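Accompanying notes for the structure given below.
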Amino acid sequence: YQQGRLSEIVAQESRLLKAFPKAPAIALILGAAHAGLGAIEAAMRQFHRAVKLNPLLTDGYNNLGVLLNDQNHIAPAVKCFARALMANAT
């Protein structure tokens, strides 16, 4: 990810997600790679998948909040940030 090889990450993580569909960390990484490529809808789908698989995944809620905020969807972004804080408190 840090080397900017996001397309490779998307391909690799997509294969991993098929093999391990209930792994929230894979969905989280895939979402981040999609976001880095500007594929916002795909990123949001993966972040939603990640928090559905693990409701305590603070990074998933935070990443959703950032994307929503960037799209000027302030109220839903605030809800995601609040969920991240609540999940972090447990």
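Keep in mind the model is a prediction, meaning the values are calculated, not measured.
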Query - Residue list, side chain to side chain contact (heavy atoms under 4.5 Å, CB included) with N54, at least two apart or on another chain - result: P24, L56, L57
Query raised in the report: In chain order, what residues pass the side chain to side chain contact (heavy atoms under 4.5 Å, CB included) check against L37, with sequence neighbours excluded?
Result: L6, S7, V10
Report task. Name all pairs fulfilling the side-chain hydrogen bond (donor to acceptor under 3.5 Å, both in side chains) condition that reach into residues 60-71, sequence neighbours left out, sorted by first residue then second. Result -> Y61-R83
Query - For the student: nearest non-hydrogen atoms of S14 and L30, plus distance - result: OG-CD1, 3.8 Å
Report task. Looking only at non-hydrogen atoms, find the nearest pair between F20 and I26 and report the distance. Result -> CB-CD1, 4.0 Å
Query raised in the report: L17 and I9: same hydrophobic cluster, using ILVMFWY side-chain contacts below 4.5 Å?
Result: yes
Query raised in the report: Between P55 and A87, which heavy-atom pair has the shortest distance, and what is it?
Result: O-CB, 4.0 Å
Report summary line: side-chain hydrogen bond (donor to acceptor under 3.5 Å, both in side chains) pairs touching residues 21-44, sequence neighbours excluded, are none
Query raised in the report: For M44 and L64, which heavy atoms make the closest approach, and how far apart are they?
Result: O-CD2, 3.9 Å
Report task. Please check if I40 and L28 belong to a single hydrophobic cluster, counting links between Ile, Leu, Val, Met, Phe, Trp and Tyr side chain heavy atoms closer than 4.5 Å. Result -> yes
Report task. Please name the pair of heavy atoms, one in A27 and one in R49, separated by the smallest distance, quoted to 0.1 Å. Result -> CB-CD, 4.0 Å
Query raised in the report: For Q12, which residues count as a side chain to side chain contact (heavy atoms under 4.5 Å, CB included) partner, sequence neighbours excluded?
Result: R15, L16
Query raised in the report: In chain order, what residues pass the side chain to side chain contact (heavy atoms under 4.5 Å, CB included) check against P76, with sequence neighbours excluded?
Result: L68, H73
